[in-house]
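In what follows, every chain begins at residue 1, and chains take the letters A, B, ... in the order their sequences are listed. No experiment lies behind these values; they were computed from the predicted model shown.
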There are 2 protein chains.
Amino acid sequence: MEQFFNYDDLKDLYDIAIIGGGPAGLTAGIYAARDNLDTIILEKNFPGGQVGITEIIENYPGFPDGIMGGDLAEKMFLHARKFGVQVKNGICGKIEIDGKYKIIHLEHSVHKIKAKSIIFATGAKPLHLEVPGENKFLGRGISFCATCDGAFYKDKVVAVIGGGDSAVEEGNYLTKFAKKVYIVHRRDKLRAAKILQDRAFKNPKIEFIYNCVVKEVKGEEKINAITLHNRVEEKDFDLPVDGVFVFIGWTADTELLKGMVDMDDSGFIKTDEHMATKIPGIFAAGDNRLKELRQVVTAVADGAIAAKSAEKYIEENF
Amino acid sequence: MEQFFNYDDLKDLYDIAIIGGGPAGLTAGIYAARDNLDTIILEKNFPGGQVGITEIIENYPGFPDGIMGGDLAEKMFLHARKFGVQVKNGICGKIEIDGKYKIIHLEHSVHKIKAKSIIFATGAKPLHLEVPGENKFLGRGISFCATCDGAFYKDKVVAVIGGGDSAVEEGNYLTKFAKKVYIVHRRDKLRAAKILQDRAFKNPKIEFIYNCVVKEVKGEEKINAITLHNRVEEKDFDLPVDGVFVFIGWTADTELLKGMVDMDDSGFIKTDEHMATKIPGIFAAGDNRLKELRQVVTAVADGAIAAKSAEKYIEENF
């Protein structure tokens, strides 16, 4: 990964600059580089995106036994590198349109990346609870990633907030470590897929708390309880826990393009079926795009389509 | 694969019947069965579709060294089976709408499949040359699949017809066997991806013939030549060859739905972004759908989306 942190080999001009190195960005890289286009991926964290911090992925076709998220991320990273994609660590601070060209200004760096087209594949980030005590315990008891932090809760009691696929799946996963997992959901039934629900119902370490929302996260040095509000009975009560895992949704990581392209209220980018935004030469792919189903399979399809569309755009405009 | 040819365990009613067991159909199966839906896949040939007869697939993310088409097909088949999808060999003769239910009538069988929804993932099939001599030599010198038939042409001379990705990729592949490969294209330059072109240009066994179309396939017991017409010079000439591989395009395998759902002139099915056709409960996914990019990555995405859409349709209508 030496090249990852080294900007000495940046080229003066790229055909395609891809912002974000998750499945959508890496697949765009595979397709672009295989077609001999000069391609760079800029990733602010580590390649793989959300996949890299997912315990196991059961539904990416071709891996019948499932695959560890980190392993799939690495395979996709190596796959893109194999065809010659440059992958660099860095944060995009600003995107400037200079005639037909696009200039990416990097934060904490004098370097700029100039490209004929951009594929914006930055993914999405978790929604916070927005309640008192949450900020105080961020990273010290409040987590958005069971794979990252689950192991810290061996024989402890944790609450999972949410009722969708992530909440129930990660609730199951957390029983590997925790002695007790509460799944706290604001409605009277879960939204998660049936197979996930069935697994959770059978898991003796999991207890469900319905119709409740979090009002406060309490503790001195560490979390010792959350205050829940039962919306049906209109009563508050404290639930003693050592940690809180929040899975209540996502917002697109698209601040950079705000005001430039069309988005919905959560920041998800509106594109046509070719992944084109309203700015010629800027495409969006993956979880940051406004669409129904956010999965690895749909991210890789977006990435491939965006690369092919960018290739056409370049052929027609340069 | 015993179950594949045995209809004794057919259920009275399925949630989702998937017609076609390529990447789109198998992925729809993975997603549907993982959500505990009763799911059956009907495949008229062998699971994997076009993937199964592709030599190597370099651009399905997660396999950095590429993967043999047959291997990927088998992995996807096992993946679907793992979650409990029934996969049956059979040909769908007719689709009947019976109120909310869909009845699939099988050819050469008394069995019927009744389902709440159908995902139509039948793929597409190759276009023929439609010239004298072609039918005579179908399967005996005319081929649409280099992986199937290439090995029969060891040290022989073959012509590849076409100028797109498939023609140039398979032309390269055929040089493993043939001593000489002509790539005959009707235009003055290729449509194939640059990386494929570059490989072919470097391959000493390949010779390009531009601006030419096939007028006739000639021979007694075996093919001995094709008559080509040069469209620029307006002249005909005979090219001695032992075999002809045709890669001039595809048409969707959608006869069954003709007149029922919207299609384009080539039979590609028009859907919305949820893969819905205009008949409630009938969805289309994969290569048989009207779209720009037909690849494994887009097929698996279509399959996942179609399964989730069918699941919603069932929840709302049954």
Side-chain angles (χ1 to χ4, degrees), chain A residues 23-24 26-31 33-37 51 57-67 71-84 165 192-198 273-275 291-293 295-309 311-312, chain B residues 23-24 26-31 33-37 51 57-67 71-84 165 192-198 273-275 291-293 295-309 311-312:
Chain A
L26 291 170
T27 302
I30 290 168
Y31 270 77
R34 190 160 180 261
D35 281 355
N36 278 346
L37 299 171
V51 165
I57 294 172
E58 286 190 338
N59 54 13
Y60 184 63
F63 296 95
D65 301 319
I67 181 166
D71 290 348
L72 184 57
E74 188 180 2
K75 282 178 191 291
M76 288 186 177
F77 170 73
L78 293 173
H79 204 156
R81 291 281 299 123
K82 187 195 165 183
F83 290 115
D165 280 358
K194 285 197 196 77
I195 193 169
L196 299 173
Q197 293 193 29
D198 289 347
E273 64 179 319
H274 308 297
M275 308 296 139
K291 59 179 177 177
E292 190 90 2
L293 188 64
Q295 290 278 294
V296 180
V297 285
T298 56
V300 297
D302 281 9
I305 294 167
K308 286 290 181 183
S309 298
E311 187 170 353
K312 260 186 210 162
Chain B
L26 291 170
T27 303
I30 291 167
Y31 270 76
R34 191 162 180 260
D35 281 356
N36 278 347
L37 298 172
V51 164
I57 294 172
E58 286 190 338
N59 54 13
Y60 184 63
F63 296 94
D65 300 321
I67 181 166
D71 290 348
L72 184 56
E74 188 181 1
K75 282 177 191 292
M76 290 186 176
F77 170 72
L78 293 173
H79 203 155
R81 292 280 298 123
K82 187 194 165 184
F83 289 114
D165 281 359
K194 285 196 196 77
I195 193 168
L196 298 173
Q197 293 192 28
D198 290 348
E273 64 180 319
H274 308 298
M275 309 296 140
K291 59 180 179 179
E292 190 89 2
L293 187 64
Q295 290 277 293
V296 181
V297 284
T298 56
V300 296
D302 281 8
I305 294 167
K308 286 289 182 184
S309 298
E311 188 169 354
K312 262 185 208 163

Pair Glu58(B) + Arg34(A): basic N to acidic O under 4.0 Å: yes
Which bit of [X] is near chain B, if near means a heavy-atom gap under 4.5 Å: side chain, backbone, both or neither?
| X | value |
| --- | --- |
| Ile30(A) | side chain |
| Asp198(A) | side chain |
| Lys82(A) | side chain |
| Phe83(A) | side chain |

Closest non-hydrogen atom pair between His79(A) and Gly62(B), with its separation: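 Closest heavy-atom pair between His79(A) and Gly62(B): ND1-N, 3.3 Å.
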Heavy-atom closest contact (Ala301(B) atom, Val297(A) atom, distance): CB-O, 3.4 Å
Quick one: pull up [atom1] in [X] and [atom2] in [Y] and give me the separation to the nearest 0.5 Å.
| X | Y | atom1 | atom2 | result |
| --- | --- | --- | --- | --- |
| Ile305(B) | Gln295(A) | CD1 | CD | 10.0 Å |
| Thr27(A) | Tyr60(B) | OG1 | OH | 9.5 Å |
| Thr298(A) | Lys308(B) | OG1 | NZ | 11.5 Å |

Contact class of Leu72(B) relative to chain A, heavy atoms under 4.5 angstrom: side chain
Heavy-atom pair count under 4.5 Å with chain A, highest-scoring of Glu273(B), Glu292(B), Gln197(B), Lys291(B):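 Max contact count across the listed options: Glu292(B).
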Leading residue by heavy atom contact count with chain A [cutoff under 4.5 Å; candidates Leu37(B), Asp35(B), Asn59(B)]: Asn59(B)
Max heavy-atom pair count under 4.5 Å with chain B, selected residue of Asp302(A), Ile195(A), Ile67(A): Ile195(A)
